Number of protein chains: 2
Amino acid sequence: MTQKLDTGIRQEQIAQAALAVVARHGLAGLNVAAIAKLVGIVPSAIYRHFGGKDEVVEAVLGMVRERLLDNVRNVCAETSDPYERLHRLLERHLALIRANHALPRLVFSDEIYNGPPARRRMMFRTVRAYLDKVAGIVREGQEAGVVRADIEPATAAVMFLGLAQPAAILWHISSGTFDVVAHAEEAWRLFSETLRGA
Amino acid sequence: MTQKLDTGIRQEQIAQAALAVVARHGLAGLNVAAIAKLVGIVPSAIYRHFGGKDEVVEAVLGMVRERLLDNVRNVCAETSDPYERLHRLLERHLALIRANHALPRLVFSDEIYNGPPARRRMMFRTVRAYLDKVAGIVREGQEAGVVRADIEPATAAVMFLGLAQPAAILWHISSGTFDVVAHAEEAWRLFSETLRGA
DNA sequence: GCGTATTGTGAATTTACGTTCACATAGCGG
DNA sequence: CCGCTATGTGAACGTAAATTCACAATACGC
């Protein structure tokens with residue numbers, strides 16, 4: 001029989017396995033059989049550690065949330081220059097997407113919207129938290145006088161997402177053909193020019 | 001019994017009904033029962049006109065493709081000023097998304113990636129066709145000397161998508177709370193400034 | 001009007017999953 | 001070493017959804 005492990009450990013393993021499955025097959029392709037196989041246990045064993053598939057999905061969304069916000073925290077800790085912060089954040093966001101193929105699909109996934117309302121609300125809070133932090137970086141830049149003052153920080157934050165989002169789609173849809181990094185660099189150049197003003 | 005109609009008519013009705021279902025529940029929530037109910041026939045009748053659900057999905061993707069490209073064609077026919085063209089295209093793109101709630105989710109949908117490879121390729125062709133046309137508008141602007149010459153038209157096209165895409169996500173995820181139009185106007189102002197150059 | 005191909009119907013079938021359950025077993029406190 | 005509780009297992013169950021099929025009814029060519 002498989003080694004018996006503590007529920008805490010198993011929950012961690014299951015959540016990570018689930019994230020891996022989502023990364024390969026999307027949230028729609030997430031099934032307990034696949035998770036169990038990755039963990040090395042039998043499907044029904046999942047229910048010893050989670051109330052059901054929904055709870056596993058919650059855990060996955062929590063992990064994604066943490067990874068996204070970690071990126072923001074890290075770049076903020078590393079430098080105080082707003083441009084350097086945003087530039088690095090963009091790089092890491094794209095790295096996260098590349099490493100975790102389905103991440104952008106997650107935000108859009110039908111399961112988020114068709115599932116329990118609490119799930120959509122949590123996703124909304126996550127995205128808004130991310131946007132708020134980006135907007136905060138922009139606002140600090142304005143207060144320091146290095147970013148144009150006539151730009152709404154919230155708008156800039158959404159536009160910042162817009163640098164990565166469509167590129168991620170294209171990369172996905174083109175099976176990796178589209179050069180995300182090259183586009184991001186060029187787009188960043190233009191976007192940062194805009195923030196700096198004439 | 002329900003009135004009998006020609007296969008051509010029924011295919012049209014079914015495709016439109018399917019699009020309506022996708023608009024409300026996403027591609028994952030698309031089921032033949034719902035389509036049949038909207039059309040006013042019984043589920044099994046669908047199979048008189050389509051080989052299966054997959055073919056219906058193909059038809060839906062075809063409709064979406066047409067609507068997207070129609071927008072481009074229309075704005076190009078209406079005016080020749082590149083800024084006016086892009087501005088109107090942005091407006092209509094957002095209108096399309098608002099009218100058809102799930103359109104942005106469609107591009108990202110797991111079913112596109114997990115389904116038959118031909119489906120992803122078709123979606124890729126659609127997006128690239130759209131991008132090519134936008135890039136063409138930008139290039140014309142450069143040739144006319146009204147758009148900065150040191151911008152790659154392809155990059156500008158992807159960035160243009162980035163004006164609408166994240167806003168659409170937010171609108172969706174916030175259940176309509178987020179003000180897409182206001183954001184788009186502000187984002188367009190900044191983006192068009194960037195294209196114009198100093 | 002008549003017959004035939006086409007289209008609509010309801011029931012049955014199949015498949016894929018999530019979930020439950022009775023039972024087995026491992027690890028831990030005594 | 002004993003026994004109890006937590007964990008793992010395989011089989012079974014329920015459900016939802018796609019698809020098939022035998023049969024019925026409609027519309028169209030003659």
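Remember, predicted model here, so these are calculated numbers, not experimental data.
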More than 12 foreign heavy atoms under 6.0 Å from [atom1] of [X]: is that the case here?
{"X": "K133(B)", "atom1": "NZ", "answer": "no"}
{"X": "R24(B)", "atom1": "CZ", "answer": "no"}
{"X": "R119(A)", "atom1": "CZ", "answer": "yes"}

Identified salt bridge (Lys or Arg N to Asp or Glu O under 4.0 Å) partner of E78(B) from the options R85(B), R73(B), R92(B):
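Of R85(B), R73(B), R92(B), salt bridge (Lys or Arg N to Asp or Glu O under 4.0 Å) with E78(B) is met by R92(B) alone.
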Can you tell me the distance, in whole Å, between the [atom1] atom of [X] and the [atom2] atom of [N]?
{"X": "I35(A)", "N": "dG18(C)", "atom1": "CD1", "atom2": "P", "answer": "8 Å"}
{"X": "K37(A)", "N": "dC17(C)", "atom1": "NZ", "atom2": "P", "answer": "12 Å"}
{"X": "Q3(B)", "N": "dA27(D)", "atom1": "CD", "atom2": "P", "answer": "6 Å"}
{"X": "Q13(B)", "N": "dG8(C)", "atom1": "CD", "atom2": "C1'", "answer": "13 Å"}
{"X": "E111(B)", "N": "dA18(D)", "atom1": "CD", "atom2": "P", "answer": "11 Å"}
{"X": "D6(A)", "N": "dT5(D)", "atom1": "CG", "atom2": "C1'", "answer": "13 Å"}
{"X": "I14(B)", "N": "dT19(D)", "atom1": "CD1", "atom2": "P", "answer": "13 Å"}
{"X": "N114(A)", "N": "dA16(D)", "atom1": "CG", "atom2": "P", "answer": "15 Å"}

Tell me whether the side-chain N/O atoms of [X] come closer than 4.0 Å to OP1 or OP2 in [N].
{"X": "T2(B)", "N": "dT7(C)", "result": "no"}
{"X": "T7(B)", "N": "dT7(C)", "result": "yes"}
{"X": "R10(A)", "N": "dG8(D)", "result": "yes"}

Expected list for residues 46-60 of chain A near DNA chain C, using heavy atoms below 4.0 Å, is Y47(A), R48(A), G52(A), K53(A)
Does the side chain of P82(B) come within less than 4.5 Å of V138(B)'s, by heavy atoms?
no
Heavy atoms under 4.0 Å, any strand shown: does L30(A) hit a base, just sugar-phosphate, or nothing?
sugar-phosphate
Report yes or no: do M122(B) and M63(B) belong to one cluster of Ile/Leu/Val/Met/Phe/Trp/Tyr joined by side chain heavy-atom distances under 4.5 Å?
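Yes, M122(B) and M63(B) fall within the same hydrophobic cluster.
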When K4(B) and S44(B) are each assigned the nearest nucleotide of DNA chain C, the 5'-most assignment goes to K4(B)
Both N31(B) and L5(B) contact DNA chain D. Taking the nearest nucleotide for each, which residue is further toward the 5' end?
N31(B)
Against the six-membered ring of F124(A), is R120(A) placed for a cation-pi contact (under 6.0 Å from the centre, within 45° of the normal)?
no
